[in-house]
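Just so it is clear: chains get the letters A, B, ... in the order the sequence lines come, proteins before strands, and each one is counted from 1.
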Amino acid sequence: MNSLASRLVALRAQAGVTVAPPSATIRSPSSNVASLIPQQLRDMLRVRSQARPLSHDRHLPGVEIATGLRLVERIYPWKEMPERVNAQFAGFGHIPREDLLSFDTETTGLSGGTGTRAFMIGASDWNDSGLRVRQLLITTMAGEAAMLEAFSGWINPATVLVSYNGKSYDSPLLATRYRLGRMHNPLAGLRHLDLLYPVRRRFRGVWENCRLSTVEREWLSVLREDDLPGSEAPRAWLDYLRGLSGRDLRRVLEHNNQDLRSLTTLLLRLGETESFKLEGEAH
DNA sequence: CACGTAGGTTAGTTACATCA
DNA sequence: TGATGTAACTAACCTACGTG
């Protein structure tokens, strides 16, 4: 296969086009039907028939809930789930726990604008069993609309979003994707508690920076094993789309999952220490 | 790398008090 | 009463920073 054909294979794999078995009709040079099809189209159809995964390690967790869209769901038992979460540190008062939805996206880059898309949306909330972490992952470009629609279904008008730098990054990015998909943006108008800012207010000048990884290390005692840096996420996803191993994409799922659990831990910690501080000031 | 946000700084505005 | 000073507040602008 020449290099152009290789690239076409990769592009078709990215587009999520189902691979059809080779057609004897089209492949046969003696066929009358084949002679009616332009050479260019015949080439494309042949390429399509040759798109095959390049790796055997293609397993991904979860279930396919729509074409090109997977859902991974896990429950983490959580001792002492509060009925209401203290978010006075951000001027949000006390928030009923059923209204909270933490979210975090993994995207194809940092460049922003319309060129960047989310390939994964993770969200966590509490149910009676503990902290539920749900992750939507698209395995083809065509899965995006279904992912956005599924995420919309997790949100209601009372939802209070929780994120880390999500006001500046995740939320505008998703707003763009909903707009391009001509869909209603479910995040518009919701209250949004971005934990980056209270962390900065408290720890600017104390720590070298206020990245979530620093918060985990310095304050939450979270140790990440085999963590894939966020900057590697776009490559991991694109590699999978090209038919390569799913190993790093599974690591992106784990990374995103940990981010969501850390967000919840951080939210509670900020609420606890703030109420302690206020009590101290009152006495 | 682009982008959006918070927070800090500076400049401008308003209200009020003081004094000759 | 008008000029001046000052404090409080607001608007505009700039910078730093975290996101995959």
When you check the side-chain N and O atoms of A/Ser163 and A/His192, is any donor under 3.5 Å from an acceptor?
yes
For the pair made of CG in A/Leu174 and P in B/dG4, what is the distance, rounded to whole Å?
14 Å
Are A/Arg132 and A/Trp126 in a cation-pi setup, meaning NZ or CZ lies under 6.0 angstrom from the ring centre and within 45 degrees of the ring axis?
no
For the pair made of CZ in A/Arg211 and P in C/dG18, what is the distance, rounded to whole Å?
6 Å
For the rings on A/Trp219 and A/Phe203, is their centre-to-centre separation under 6.0 Å?
yes
If only side-chain N and O atoms count, and only distance matters, is there a donor-acceptor pair under 3.5 Å linking A/Glu272 with A/Asn86?
no
Taking C/dG20, B/dT5, C/dG18 as options, the one with an atom nearest any side-chain atom of A/Glu106 is C/dG20
A/Arg74 versus A/Tyr76, side-chain donor and acceptor atoms under 3.5 Å:
yes
What nucleic acid atoms does A/Thr108 come within less than 4.0 Å of, heavy atoms only: base, sugar-phosphate, or nothing?
nothing
Considering only heavy atoms, which members of residues 183-195 of chain A lie under 4.0 Å from some atom of DNA chain C?
none
Integer-rounded Å distance: C/dG20 P and A/Leu238 CG
16 Å
Rounding to an integer number of Å, can you tell me how far A/Phe89 CZ sits from B/dA6 P?
14 Å
Do we see a donor-acceptor contact under 3.5 Å between the side chains of A/Asp99 and A/Thr159?
no
Contact class for A/Asp170 vs. all strands (heavy atom < 4.0 Å): base, sugar-phosphate, or nothing?
nothing
Pairing donors with acceptors under 3.5 angstrom, does anything connect the side chains of A/Arg202 and A/Thr273?
yes
For the side chain of A/Tyr197, counting heavy atoms from C-beta on, which of B/dT5, C/dG20, C/dG18 is nearest?
B/dT5
Taking OP1 and OP2 of B/dA6, is either one under 4.0 Å from a side-chain nitrogen or oxygen of A/Arg201?
no
Minimal non-hydrogen separation, A/Val72 against A/Pro61, with atom names:
CG2-O, 3.6 Å
Is there a path of hydrophobic side-chain contacts, each under 4.5 Å between heavy atoms, that joins A/Ile75 and A/Leu253?
no
Of the listed nucleotides (B/dA6, C/dG20, B/dG4), which one gets closest to any side-chain atom of A/Asp259?
C/dG20
Counting primed atoms, P, OP1 and OP2 as sugar-phosphate and everything else as base, the B/S/- map of nucleotides 9-16 of chain C against protein heavy atoms under 4.0 Å is --------
State which of B/dA6, C/dG20, C/dG18 makes the closest approach to the side chain of A/Lys167.
B/dA6
